[in-house]
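Inspection log for the structure reproduced underneath, given as structure tokens.
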There are 2 protein chains.
Amino acid sequence: MTEPAAEAEQDPEVTAQEATVPVPGAARGGPISHAIFRLARLHRMFAGQLLRRIGLHPGQELVMMHLWELGPQRQIDLVRLMDSDAATMTRTVRRLEQAGFVRRRPSPTDRRASLIEPTTASHALRREVEQVWSRLEDISTAGLSGAECADALATLERLEQNLVRAATPPPEPDARPQ
Amino acid sequence: MTEPAAEAEQDPEVTAQEATVPVPGAARGGPISHAIFRLARLHRMFAGQLLRRIGLHPGQELVMMHLWELGPQRQIDLVRLMDSDAATMTRTVRRLEQAGFVRRRPSPTDRRASLIEPTTASHALRREVEQVWSRLEDISTAGLSGAECADALATLERLEQNLVRAATPPPEPDARPQ
DNA sequence: GTGATTTACTTGTTCAGACAGGAAAACCTT
DNA sequence: AAGGTTTTCCTGTCTGAACAAGTAAATCAC
């Protein structure tokens with residue numbers, strides 16, 4: 001069990017005829033929103049194809065990276081690290097367990113929780129996952145200078161901050177929140 | 001329509017404690033990739049919450065926008081317009097039909113296909129969907145000048161183009177492709 | 001200590017998205 | 001006309017993601 005990876009075929013048919021999908025919303029609706037949407041779609045599809053070859057599904061690689069980096073974690077810790085969902089994490093961990101990449105161990109201090117830890121077999125995956133991320137980064141930043149990369153990053157983070165601010169519960173101008 | 005700015009929500013619990021989710025990959029892995037990932041997640045979550053209030057799920061609004069804009073379409077046309085998947089479209093159209101937003105009519109010229117058309121009832125949705133997109137755009141671009149918006153758009157499209165290029169099948173340097 | 005609340009996790013449901021496989025109609029070639 | 005191929009759509013399966021609801025353990029308040 002726990003055969004390391006799927007090494008599949010080496011050259012996938014990463015054929016996305018995406019290019020320029022004309023969407024009504026793009027013209028009059030929201031050019032930025034729609035660009036985010038398209039970029040996200042493509043990026044996700046790309047990551048999915050790279051991950052598929054090493055036997056992971058999108059999202060699972062983040063769990064594994066956290067575990068490799070931080071060691072055994074409770075599910076709730078993983079949920080917080082990834083800003084994910086407890087229900088999703090339950091299933092993701094179960095699938096990773098069935099795939100032989102993680103193991104569950106009852107928490108010695110909390111009988112509600114279990115500790116999730118990477119199996120030794122999973123360590124063969126680590127380099128591959130890191131290669132996937134590095135490849136994705138190379139592809140995304142192809143042809144961009146260091147300054148342009150920094151610029152792009154600042155732009156992405158600014159957009160993100162705008163959404164974070166808008167999503168943040170209430171301004172709560174109350175002087176004494178507590 | 002197009003109420004000016006984000007002016008925050010008045011009610012929803014759009015509480016994402018996102019903020020700064022520390023992910024291993026962010027530090028050493030791929031800052032740009034990870035920023036795309038986070039931005040996409042937030043953007044999608046936001047769109048989902050706005051759409052939920054008007055009774056749609058993410059993705060369905062795009063189908064409706066195409067139908068409102070272009071009139072009756074075959075499923076395969078919608079698939080191509082959205083760069084989606086035939087299987088997904090089958091189910092999305094079925095759900096939209098059950099929700100009363102679209103109707104199916106057999107194609108007069110092709111007995112394999114049916115034409116999907118928006119119902120009259122759906123037209124009440126149109127303004128709401130447009131408001132959602134416009135709100136999303138306002139939120140995303142809050143505090144950005146016109147030039148900065150154009151800049152951000154260029155950045156997003158450049159990243160997108162990088163992925164498109166990488167996904168495009170082969171360079172095929174063969175002089176005579178045919 | 002007893003009882004209420006919170007926390008960690010699970011299950012059920014619904015949705016999008018991707019892939020495999022298949023059916024029927026349309027098409028092309030011979 | 002006959003046969004093979006392509007197109008259009010559907011179903012099944014598996015995954016992530018989100019929400020609701022529930023269980024068991026821990027914690028807090030009294």
Side-chain angles (χ1 to χ4, degrees), chain A residues 6 8-9 12-16 18 37 40-53 55-63 73-80 82-99 104 106-116, chain B residues 12-16 18 37 40-53 55-63 73-80 82-99 104-116:
Chain A
E9 67 305 59
E13 48 338 37
V14 191
T15 58
E18 279 264 346
F37 184 86
R41 205 169 171 41
L42 251 185
H43 190 264
R44 182 177 183 75
M45 184 201 73
F46 226 112
Q49 280 179 338
L50 293 175
L51 287 171
R52 156 181 275 246
R53 298 186 226 168
L56 290 178
H57 290 269
Q60 298 183 341
E61 89 282 12
L62 289 180
V63 174
Q73 301 285 313
R74 296 174 306 162
Q75 284 185 199
I76 190 64
D77 297 324
L78 294 172
V79 165
R80 288 185 185 128
M82 294 176 54
D83 191 42
S84 179
D85 176 272
T88 299
M89 193 53 69
T90 290
R91 290 156 177 134
T92 295
V93 167
R94 176 157 39 87
R95 285 161 190 146
L96 284 172
E97 191 180 17
Q98 287 166 351
R104 297 170 113 109
S107 164
T109 64
D110 189 337
R111 274 191 299 161
R112 294 170 303 180
S114 53
L115 292 177
I116 316 299
Chain B
E13 52 333 41
V14 190
T15 58
E18 278 264 347
F37 184 86
R41 205 164 170 41
L42 251 185
H43 190 263
R44 183 179 182 76
M45 185 201 72
F46 226 112
Q49 280 179 339
L50 293 175
L51 288 171
R52 158 181 272 246
R53 298 185 223 169
L56 289 178
H57 291 270
Q60 298 183 342
E61 89 281 11
L62 288 180
V63 174
Q73 302 284 315
R74 296 173 308 163
Q75 285 186 196
I76 190 65
D77 296 325
L78 294 171
V79 165
R80 287 184 186 131
M82 295 176 52
D83 190 42
S84 180
D85 175 272
T88 298
M89 192 54 67
T90 291
R91 290 154 177 136
T92 295
V93 166
R94 175 156 41 88
R95 286 162 190 145
L96 284 172
E97 191 179 17
Q98 288 166 350
R104 297 170 113 108
R105 170 160 52 92
S107 165
T109 63
D110 189 336
R111 274 191 300 162
R112 291 170 305 179
S114 53
L115 293 177
I116 316 300

Check against side-chain contact (heavy atoms from CB on, under 4.5 Å), Ile76(A) and Arg80(A)
CA-CA 6 Å; Ile76(A) 190 64; Arg80(A) 288 185 185 128; 3.5 Å; yes
Would you mind reporting whether Ile116(A) and Asp77(A) have side-chain heavy atoms less than 4.5 Å apart?
no
Gap between atoms [atom1] and [atom2], on [X] and [N] respectively (whole Å):
| X | N | atom1 | atom2 | result |
| --- | --- | --- | --- | --- |
| Asp77(B) | dC9(D) | CG | P | 8 Å |
| Asp85(B) | dT11(D) | CG | P | 14 Å |
| Arg41(B) | dA17(D) | CZ | C1' | 8 Å |
| Phe46(B) | dA18(D) | CZ | C1' | 16 Å |
| Gln49(A) | dT15(D) | CD | C1' | 15 Å |
| Glu61(A) | dG16(D) | CD | P | 10 Å |
| Leu51(B) | dA18(D) | CG | C1' | 14 Å |
| Arg91(B) | dC10(D) | CZ | C1' | 8 Å |

Which heavy-atom pair separates [X] from [Y] by the least distance, and what is that distance?
| X | Y | answer |
| --- | --- | --- |
| Ala113(B) | Arg74(B) | CB-CD, 3.9 Å |
| Met82(A) | Val63(A) | SD-CG2, 3.5 Å |
| Ala40(B) | Ala40(A) | CB-CB, 3.2 Å |
| Pro108(A) | Leu115(A) | CD-CD1, 4.0 Å |
| Arg104(A) | Ser114(A) | NE-OG, 4.1 Å |

Would you say [N] has OP1 or OP2 under 4.0 Å from some side-chain N or O of [X]?
| X | N | answer |
| --- | --- | --- |
| Arg44(B) | dA17(D) | no |
| Gln60(A) | dG16(D) | yes |
| Gln75(B) | dT7(D) | no |

First and last nucleotide of DNA chain C in contact with chain B, 5' to 3', at under 4.0 Å to a heavy atom: what are they?
dC15(C) to dA26(C)
Looking at Arg111(A) and Pro106(A), would you say the former's side chain and the latter's main chain have a donor-acceptor pair under 3.5 Å?
no
Assess whether side-chain contact (heavy atoms from CB on, under 4.5 Å) is satisfied between Gln75(B) and Ser84(B), documenting all intermediate values.
CA-CA 10 Å; Gln75(B) 285 186 196; Ser84(B) 180; over 6 Å; no
By nearest nucleotide on DNA chain C, pick out whichever of Ser84(B) and Thr88(A) is the more 5' one.
Thr88(A)
Considering every strand and a 4.0 Å limit on heavy-atom distances, what is the contact class for Arg74(A): base, sugar-phosphate, or nothing?
sugar-phosphate
Expected output is a numbered-order residue list: members of residues 104-114 of chain B with a heavy atom under 4.0 Å from any atom of DNA chain D. What is it?
Arg104(B), Arg112(B), Ala113(B), Ser114(B)
